[in-house]
Amino acid sequence: MAAAPIRKVVIAGGGTAGWMAAALLARFLPPPVAQIVLVESDEIGTIGVGEATVPLMAQFNGVLGIDEKDFVTATQGTFKLGIQFCDWGEIGNVHFNGFGDYGEAIQGVSPHHHWLKLHQLGDPAPIEDWSMPYAAARRDRFAPPEAVQQQSGEAAFFKYAYHFDAGLYARYLRTYAEARGVTRQEGRIADVELDPETGRVAALRLEGERRIAGDLFIDCTGFVALLIGQALGVGYADWSALLPCDRAIAVPSARRDPLTPYTRSIARPAGWQWRIPLQHRTGNGHVYASAFTSDEEATALLLANLDGAQLGEPRLLRFTTGHREKFWYKNVVALGLAAGFMEPLESTSIQLIQTGLARLVEYLPDMDFDPVIASEYNRVTANEYARIRDFLILHYCRSRRPEPMWQHCRTMAIPDTLSHKISIWQACGRVPLYSEESYQEPSWVSIFLGNKVLPRRYDPIVDQLTLQHLRGGMAQRREAIARVAERIPPHTVFVDRACPAPVAA
Ligand code: FAD
């Protein structure tokens with residue numbers, strides 16, 4: 001006989017992870033199916049960064065029934081077509097990981113093989129010339145693909161994501177969740193009470209003698225990981241040897257027009273700098289490896305490279321790259337920074353919250369908390385982290401920058417799974433994909449080529465096309481992309497017309 005269903009979910013923490021969990025669970029377990037309580041402490045606050053996303057976010061909004069324009073307006077948001085990488089492969093190099101591919105396959109072969117043949121014959125055009133999101137991004141233009149298709153009458157395949165203010169996003173989801181019956185308890189969690197028989201979490205004890213009991217607990221307490229780490233003693237798989245950046249300085253600056261429809265990532269001697277355009281400000285940060293530079297140097301470098309007036313004081317954030325050895329243990333599931341953090345390079349943390357939540361809903365436990373379900377959740381989640389980890393390492397380990405941190409990244413040991421990918425790519429221009437890959441072939445191609453890691457040969461099927469045919473066909477595709485891009489409105493105009501946020505006081 002099936003065990004009794006979960007009747008009360010307690011979410012510890014009210015940052016992006018906590019409120020995303022509250023919103024999604026309110027959608028799938030609306031009261032009276034289950035009671036959902038979220039505990040957060042205004043005094044402790046949230047991390048306050050995490051403002052760039054990946055296209056999966058649109059699905060999250062879709063499941064919640066959130067209107068995109070309302071969401072972008074409420075969060076001072078903008079749109080994102082990908083990430084521009086400056087100075088990564090070497091100083092002066094620019095490449096772009098766009099949310100799209102390089103066009104449809106030609107005779108069943110991905111077009112980067114055709115590009116490679118032309119490149120080997122001396123054509124200097126970068127692969128990005130065949131990327132629709134890049135064509136729009138480099139012109140600072142944006143409209144959703146359906147609108148682009150309607151206006152231009154030509155097919156435009158790409159995806160997009162968002163930039164938003166993390167504090168406003170949490171507030172937005174709070175309104176959504178509270179309207180659907182989630183109750184919020186303000187207060188500092190002073191202690192976590194364990195059931196002496198099962199070892200499960202029985203209740204959170206808040207300062208002031210309050211006790212919040214529950215069936216399922218979601219740990220969204222950020223880096224402190226109060227439940228999964230401190231109370232249940234689940235260890236942390238430390239990936240510092242693979243992803244050496246361990247600190248960031250963050251500071252906002254004044255908005256600068258045009259609003260770029262992409263995140264910029266600029267490599268620095270001991271890390272990299274982000275630039276995220278929002279409607280009311282620009283988010284900036286310098287992520288760095290403390291073994292190779294000091295906090296003072298890192299701060300000075302960031303402040304010297306803002307493109308608008310500095311707003312507010314720089315904030316230092318420390319982190320250890322890696323993840324919990326178990327994401328789900330007993331009756332606790334960790335999400336967000338409590339689950340792990342792999343550095344913000346490809347904006348994957350919010351995505352991991354989303355996929356973790358989707359998986360939790362899929363594998364929702366009963367009151368017996370069958371450990372086999374937790375173990376499957378942990379297996380899949382660990383794979384997902386490892387695939388993203390490999391993708392992030394590729395950005396570093398094949399750079400040719402001269403500074404000590406970059407030399408270190410070139411010579412450090414990398415996971416076998418990544419070595420295998422690099423070898424296959426170099427041998428024949430293919431990207432072997434494993435299960436739970438977040439990044440598909442075009443993204444890997446963009447980082448390989450951006451770092452000038454070229455395959456030794458292209459697919460022989462390409463030679464079945466005459467050179468004239470190949471050149472003509474590729475030129476046509478490139479021109480079509482440029483033609484469509486020219487008809488897309490400027491991103492700034494699109495945002496100001498479709499989702500203008502209130503002017504900040
Ligand atoms: P937090 O925001 O830290 O929230 C923790 C919550 O727990 C807070 O409400 C706090 O009050 C509460 N809490 C903690 N202790 C207690 C207690 N004792 N009692 C009561 N409440 C408590 N992700 C992206 O997807 N894109 C990005 O561009 C990106 N950039 C980042 C840049 C940096 C430098 C860093 C460090 C992270 C970045 N991230 C990014 C990750 C992103 O910030 C997080 O994944 C996201 O904000 C979720 O955080 P969280 O909710 O897990 O933790």
Side-chain angles (χ1 to χ4, degrees), residues 5-51 57 60-61 63-67 70-71 74-76 164-193 201-231 331-339 349-350 353-354 356-358 360-361 364:
I6 299 286
R7 286 286 178 217
K8 185 168 176 191
V9 183
V10 178
I11 300 167
T16 301
W19 284 113
M20 282 178 77
L24 197 81
L25 293 178
R27 161 83 178 70
F28 285 99
L29 302 174
V33 179
Q35 187 191 351
I36 302 167
V37 180
L38 184 145
V39 184
E40 70 176 320
S41 158
D42 280 343
E43 198 192 323
I44 296 175
T46 65
I47 193 153
V49 283
E51 312 204 306
M57 182 106 220
F60 188 72
N61 288 345
V63 169
L64 296 185
I66 285 175
D67 174 71
D70 183 54
F71 152 73
T75 59
Q76 295 276 357
F164 57 65
D165 178 316
L168 295 177
Y169 183 52
R171 207 180 299 164
Y172 184 79
L173 289 181
R174 176 178 164 187
T175 306
Y176 176 99
E178 286 185 327
R180 285 158 185 79
V182 172
T183 50
R184 173 184 181 272
Q185 294 272 340
E186 163 64 33
R188 184 184 277 261
I189 302 162
D191 197 13
V192 178
E193 186 186 312
V201 171
L204 305 181
R205 288 195 179 274
L206 271 52
E207 280 177 351
E209 307 291 308
R210 274 180 294 159
R211 178 179 185 274
I212 299 179
D215 301 332
L216 172 66
F217 288 80
I218 319 273
D219 187 349
C220 299
T221 56
F223 288 132
V224 292
L226 271 184
L227 282 65
I228 196 103
Q230 293 191 13
N331 62 338
V332 174
V333 177
L335 289 172
L337 300 172
S349 287
I350 295 172
I353 298 170
Q354 188 182 334
L357 272 167
L360 174 60
V361 168
L364 198 71

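Put simply, CG on L206 and CZ on R211 are 11.5 Å apart, with the number rounded to the nearest 0.5 Å. Separating the CD atom in E178 from the CD1 atom in I36 is a distance of 12.0 Å, to the nearest 0.5 Å. Here N61 contributes atom CG and L173 contributes atom CG; the two are 8.0 Å apart, rounded to the nearest 0.5 Å. With rounding to the nearest 0.5 Å, the separation of CH2 in W19 from OG1 in T175 is 8.5 Å. Taken to the nearest 0.5 Å, the CZ atom of F28 stands 10.5 Å off from the CG atom of L364. From I212, atom CD1 reaches atom CZ of R205 across 11.0 Å, with rounding to the nearest 0.5 Å.
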Apply side-chain contact (heavy atoms from CB on, under 4.5 Å) to the pair V201 and V10, showing each step before the final yes or no.
CA-CA 10 Å; V201 171; V10 178; over 6 Å; no
L360/I218 under side-chain contact (heavy atoms from CB on, under 4.5 Å): CA gap, chis, key distance, verdict:
CA-CA 10 Å; L360 174 60; I218 319 273; 3.5 Å; yes
Please walk me through it: do L25 and V182 pass side-chain contact (heavy atoms from CB on, under 4.5 Å)?
CA-CA 9 Å; L25 293 178; V182 172; over 6 Å; no
For a side-chain contact (heavy atoms from CB on, under 4.5 Å) check, start with the C-alpha distance between I11 and L335, then their side-chain angles and the critical distance, and finish with the verdict.
CA-CA 10 Å; I11 300 167; L335 289 172; over 6 Å; no
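Remark: side-chain polar atoms of R7 are paired, donor with acceptor, to backbone N or O of V33 under 3.5 angstrom. Between the side chain of D215 and the backbone N or O of K8, at least one donor-acceptor pair lies under 3.5 Å. A donor-acceptor pair under 3.5 Å is formed between the side chain of E186 and the backbone N or O of D42. No donor-acceptor pair under 3.5 Å is formed between the side chain of R188 and the backbone N or O of E43. In this structure, S41 contributes its side chain and I44 its backbone to a donor-acceptor pair below 3.5 Å. With hydrogens and angles disregarded, a donor-acceptor distance shorter than 3.5 Å links the side chain of D219 to the backbone of I228. At distances below 3.5 Å, not a single donor-acceptor pair connects side-chain atoms of T75 with backbone N or O atoms of F164.
For the residue pair M20 and F60, the shortest heavy atom distance occurs at O-CZ, 3.7 Å. The two residues A170 and G14 have their closest heavy-atom pair at CB-O, 4.3 Å. Closest approach of P31 to G181, counting heavy atoms only: CG-CA, 3.9 Å. Contact detail for D70 and D67: the closest heavy-atom pair is N-OD2, 2.9 Å. Closest of all the heavy-atom pairs between F217 and A202 is CZ-O, 3.6 Å. Here the shortest heavy-atom pairing between A213 and A203 reads CA-CB, 3.7 Å.
Within 6.0 Å of CZ in R180 there are more than 12 heavy atoms belonging to other residues, nucleotides or ligands.
Residues T183 and L38 form no side-chain contact, since every pair of their non-hydrogen atoms from C-beta on lies 4.5 Å or further apart. Annotation: side chain of Y172 is in contact with side chain of I66 (closest heavy-atom distance under 4.5 Å). Side-chain contact check for I350 versus M57: some heavy-atom pair is nearer than 4.5 Å. Within the 4.5 Å cutoff, the side chain of E40 has heavy atoms near those of the R184 side chain. Looking at heavy atoms from C-beta onward, T16 lies out of side-chain contact with T46 at the 4.5 angstrom threshold. A heavy-atom distance below 4.5 Å is not found between the side chains of Y169 and E51.
Among V9, V361, L216, L24, the single residue meeting the side chain to side chain contact (heavy atoms under 4.5 Å, CB included) criterion with L29 is V9.
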